[in-house]
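Heads up, the thing below is written out as structure tokens.
In this chain, residues are counted from 1 in sequence order. In each ligand, atom 1 is the first atom listed, and ligand 1 is the first ligand listed.
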Amino acid sequence: METVVSGIRPTGNLHLGNYFGAMKNFLKMQNENNCFFFIADYHSLTTHPTPADLHGSVKQVLAEYLACGLDPEKATIYLQSDVPEVIELYLLLNMNAYVGELERTTSFKDKVRKNPENVNAGLLTYPVLMAADIIIHNAAKVPVGKDQEQNLEMARKFARRFNNMYNVEYFTEPQPFNFGESLIKIPGLDGTGKMGKSEGNGIFLIDEEKDIRKKVMRAVTDSGPTEMNSKMPEPIENLFTLLNVVSEKSTIDFFKEKYATCEIRYGDLKKQLAEDINLFVAPIREKINDIKSNDDYLRKVAHMGAEKARESASKTIKDVRKIIGFKSF
Ligand code: TRP
């Protein structure tokens, strides 16, 4: 069984794109691997949240991931800040992480450009902390999107550098987890492109029925097909992609037929789509709210996760301290 580590930034809410993308993969991975899923709350301090915001968003993501089916019995689910061993490894790795290479990472340069008033050292060493998160459990695989590939490459570099420096084969170089072609891309409601956090085109798992209806009814369409059996333009195809994941086959077939015969009424299609999205999301939404109001359960999950994560992390730290040459008298 391979060890998998993934960090979850406590920002924003899960939308349908996340649900059918990353989340589906997490659910599969937790059955097949030794998974460590953690909430990257230390990382989130680079943007200086207030204490209330920090706690609120950590609680929110934890509840959302649990509601979707992340299982604390199968995976180790924890808060990064509950595992101080990570910070020790971060400090140790920082000694061999060079300011020049950190300054050259694209995500750092992006952040400097976007927020020139907040170029803090935590931001600069973000990839070092991320490397520590990963190699503290000696992970073989990390599920990452395109935007995190460079950070993962740096994690490999820091692992290799440590091994070379002390002439050991201690850390595994973590590889990206490859899902192949299994990913369903969920489109946004604005005609083109996929559903995203920042695009403002998302339907969130916590959206109420009326929000869902409003969003779907506003989705971009066109004036309708004029030729029998014509190919759908992207905005219309997108609505069908959504229908495909939430609706009954008979519903999908019905609207496909209406499209093919130029009799489709987009208003009807959207009404049905909104209803089916709501039916799909409602039980998850309820579960999120149940979990959020159950502090006992959240505490239990966090305690259990912290214990398991610290067991794995402290073993690494013990070995690393020995390799580096820390010795007690
Ligand atoms: N940087 C990741 C992101 O922005 C979050 C993260 C932190 C992470 N530590 C990690 C992801 C370790 C995978 C492994 O999404």
Exercise. Among protein heavy atoms, which lies nearest atom 4 (O) of ligand 1, and at what distance?
Worked result: Arg9 NE, 2.6 Å
For this session: Please could you name the atoms of ligand 1 that Val142 approaches to less than 4.0 Å, counting only its heavy atoms?
Result: 13 (C), 14 (C)
Exercise. In the protein, what heavy atom is nearest to atom 11 (C) of ligand 1, and what distance, to one decimal place, separates them?
Worked result: Gly7 N, 3.3 Å
Exercise. For ligand 1, which atoms sit closer than 4.0 Å to a heavy atom of His43?
Worked result: 7 (C), 9 (N)
Exercise. Does a salt bridge link Lys315 with Asp319, judged by any charged N lying under 4.0 Å from a carboxylate O?
Worked result: yes
Problem set entry | No-hydrogen, no-angle side-chain donor-acceptor test under 3.5 Å, Tyr170 and Asn138 | no
Exercise. Do the side chain of Gln80 and the main chain of Asp41 share a donor and acceptor less than 3.5 angstrom apart?
Worked result: yes
For this session: Return yes or no for this condition: an N or O of Ser6 is under 3.5 Å from an N or O of ligand 1.
Result: no
Problem set entry | Contact atoms of ligand 1, heavy-atom distance to Tyr126 under 4.0 Å | 1 (N), 2 (C), 3 (C), 4 (O), 5 (C)
For this session: With heavy atoms of Ile134 as the reference, note each atom of ligand 1 found under 4.0 Å away.
Result: 12 (C), 14 (C)
Seminar exercise, completed: The closest protein heavy-atom partner of atom 9 (N) of ligand 1 is Asp133 OD2, 2.8 Å
Problem set entry | Near-ring test Tyr65/Phe37, centroid separation under 6.0 angstrom | no
Problem set entry | Distance flag, aromatic centroids of Phe158 and Phe162, threshold under 6.0 Å | no
Exercise. Is Phe204 linked to Met217 within one hydrophobic cluster, defined over Ile, Leu, Val, Met, Phe, Trp and Tyr using a side-chain heavy-atom separation of less than 4.5 Å?
Worked result: no
Exercise. Between Phe37 and ligand 1, which part of the residue brings a heavy atom under 4.0 Å of the ligand: side chain, backbone, both or neither?
Worked result: neither
For this session: Using a strict 4.0 Å threshold on nitrogen-to-oxygen distance, state whether Glu149 and Lys146 make a salt bridge.
Result: yes
Problem set entry | Check: Glu248/Ser250 side-chain N/O donor and acceptor closer than 3.5 Å | no
Problem set entry | Under 3.5 Å: N/O of Asn151 near N/O of ligand 1 | no
For this session: Can you pull out the closest protein heavy atom to atom 2 (C) of ligand 1? Residue, atom name and distance to 0.1 Å, please.
Result: Gln148 OE1, 3.3 Å
